[in-house]
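Being a predicted model, the structure only gives us computed values, none of them experimental.
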Amino acid sequence: MANTSLTPKSDFLKIIQERGYIHQCSDFEALDKLALKQKIVCYVGYDCTAQSLHVGSMLTIMMLFWLQHTGNKPLVLMGDGTTCVGDPSGKDESRKILSRTVIEQNKKSIKKVFAKLLTFGDGKTDALMVDNSEWLSTINYIDMLRNVGRHFSVNRMLTMDSVRTRLERDQELSFIEFNYMILQSFDFVELARRHGCNLQMGGSDQWGNIINGIDLGRRMGTGQLYALTCPLLTTSSGAKMGKTASGAVWLNLDMLSAYDYWQFWRNTEDKDVSRFLKLFTTLSLDEISKLESLQGEEINEAKKILATETTALLHGRKAAKDAVKTAQRTFDGGEFAEGLPSVAVGGLELKNGLGVLSAFVIAKLTRSNSESRRQLKGGGLKVNGVVVRDEKATLTPKDITNDGVIKLSLGKKRHVLLYPE
């Protein structure tokens, strides 16, 4: 691993070093020289395991953003082929094998987010989206073994974190998963051959796989390849980035409203505000430095700016402003805001009495009746602003306000409107 504390000369490495993106690099000085000439062609791979990427993926997407912003070319690799295998990195058990139909649906859904942050086209620095099924789905198994597999040492593969960790915990590692690192390495080689790709970026858990790709490229006659990884982010309290009590923080608007996305960033821990401003917004470091000086209650203003800028990047400035207005009306004015997430419930359900615990599950504010019950005992559930004390309480048409909805609140900052169909 190269020394990443050196002062880079290129705009790209200077920006991502100053903003805190760099964790490891295979050859920092050589990559800096390449970036200085604006000759980096870099890819990041995204497997199609769900209908949307979650907020943890924004880290590498922002790295691609700055790469393009500084005159280099980003490649977005959709992992249609590798999704069929499943990446064992960071997992204690095998990923669920998805059907080709589901993978294709996920891929189409995931693609939406990239156009919001990258410029695609035929120009020198325009982003390009490719799919590894182009080469993986047609490859002959015998040819793969002879031409690619022979370059891999099983001894070395067993030392990789994704494999070693699973074995040390006596967790089964399937043969199909064991092949994942070979396929990812081959992706790097194919992208080098087809598109002149010379850099792969990813999370730090991908370091071993990327280094294998560099080694495979050397053995198969590509030009010099490079690796650059970012840290796997956790919050100051140790929580994994991109997860909340109610589930993943999705990037697709049809899976998470712009308001809920704004609210996620608004709830950032105090110690993380400065770091997240650098990583997830395009604000200048001078502007961020001014926000870093805020203390006490004033830091909430920095959190609002963080929430607004991150939401504007992903969903547009209007959606961000609407989220701010919704928050102001909800928290400052105590009103029901139209911008809040809403969920329909059957009129008959309300007529017969819908259990409060179940209502919070339906609204996806909690994941189970048990969790609803725990929140209730702690005074965390409110209906129309009133704390619920009775776990057997029900919602009926009498609870519908003049606005035609029932407002459910989990704590002070999460709200959903129920409306009868």
Side-chain angles (χ1 to χ4, degrees), residues 20-21 44 46-65 90-91 106 109-117 202-203 205 230-282 302-316 319-320 322-324 326-327 330-331 339-343 360-361 363-368 371 375 380 408-416:
Y21 290 102
V44 178
Y46 301 90
D47 280 349
C48 313
T49 54
Q51 293 180 350
S52 169
L53 299 174
H54 62 70
V55 74
S57 299
M58 279 298 292
L59 199 57
T60 54
I61 297 175
M62 288 303 298
M63 291 172 77
L64 289 175
F65 169 86
K91 296 292 179 181
N106 288 347
S109 182
I110 286 171
K111 284 181 176 181
K112 302 173 185 176
V113 70
F114 294 101
K116 298 179 180 181
L117 290 122
D205 61 335
C230 58
L232 292 181
L233 282 188
T234 58
T235 64
S236 294
S237 63
K240 187 176 180 181
M241 185 70 183
K243 299 287 185 180
T244 67
S246 58
V249 181
W250 301 110
L251 301 185
N252 282 26
L253 195 57
D254 56 352
M255 294 183 67
L256 188 76
S257 71
Y259 172 78
D260 276 341
Y261 189 74
W262 186 93
Q263 194 63 51
F264 167 76
W265 293 104
R266 172 62 181 83
N267 293 339
T268 295
E269 296 174 24
D270 291 1
K271 293 180 180 179
D272 291 325
V273 175
S274 173
R275 183 165 57 121
F276 288 175
L277 281 166
K278 292 175 182 177
L279 293 173
F280 298 105
T281 80
T282 58
K303 291 182 182 181
K304 291 177 183 178
I305 291 173
L306 169 65
T308 301
E309 292 303 312
T310 52
T311 304
L313 261 180
L314 184 64
H315 296 305
D322 288 345
V324 173
T326 297
T330 303
F331 304 124
L340 286 176
S342 58
V343 176
F360 276 81
V361 177
K364 296 184 179 179
L365 288 169
T366 59
R367 287 179 287 187
S368 65
E371 184 181 343
Q375 293 286 354
L408 304 184
S409 303
L410 178 64
K412 296 180 180 181
K413 298 179 179 179
R414 299 201 65 222
H415 311 274
V416 170

If we only count heavy atoms from C-beta on, is the [X] to [Y] side-chain gap below 4.5 Å?
{"X": "I61", "Y": "Y46", "answer": "yes"}
{"X": "I110", "Y": "Q51", "answer": "no"}
{"X": "N106", "Y": "T49", "answer": "no"}
{"X": "W250", "Y": "V55", "answer": "no"}
{"X": "C230", "Y": "T60", "answer": "yes"}
{"X": "V416", "Y": "K364", "answer": "no"}
{"X": "H415", "Y": "Q263", "answer": "no"}

Point-to-point distance, once rounded to the nearest 0.5 Å, from [atom1] of [X] to [atom2] of [Y]:
{"X": "R275", "Y": "L233", "atom1": "CZ", "atom2": "CG", "result": "5.5 Å"}
{"X": "F276", "Y": "K271", "atom1": "CZ", "atom2": "NZ", "result": "13.0 Å"}
{"X": "L251", "Y": "F114", "atom1": "CG", "atom2": "CZ", "result": "8.5 Å"}
{"X": "D322", "Y": "T311", "atom1": "CG", "atom2": "OG1", "result": "11.0 Å"}

Is it true that a side-chain atom of [X] and a backbone atom of [Y] form a donor plus acceptor pair closer than 3.5 Å?
{"X": "T281", "Y": "T310", "answer": "no"}
{"X": "N252", "Y": "S109", "answer": "yes"}
{"X": "Q375", "Y": "E371", "answer": "no"}
{"X": "S57", "Y": "L53", "answer": "no"}
{"X": "D260", "Y": "L256", "answer": "no"}
{"X": "Y21", "Y": "L279", "answer": "yes"}

Between W265 and F280, does the ring centroid distance fall short of 6.0 Å?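 Between W265 and F280, the centre distance is under 6.0 Å.
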
Nearest atoms (heavy-atom pairs only) where [X] meets [Y]:
{"X": "D270", "Y": "K303", "value": "OD1-NZ, 2.6 Å"}
{"X": "A312", "Y": "A320", "value": "N-CB, 3.7 Å"}
{"X": "W262", "Y": "A327", "value": "CZ3-CB, 3.6 Å"}
{"X": "A323", "Y": "A258", "value": "CB-O, 4.3 Å"}

For K116, is the NZ atom crowded, meaning more than 12 foreign heavy atoms sit under 6.0 Å from it?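 Enclosed.
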
Does the pair R266 and L306 meet the rule for a side-chain contact (heavy atoms from CB on, under 4.5 Å), with working shown? CA-CA 7 Å; R266 172 62 181 83; L306 169 65; over 6 Å; no

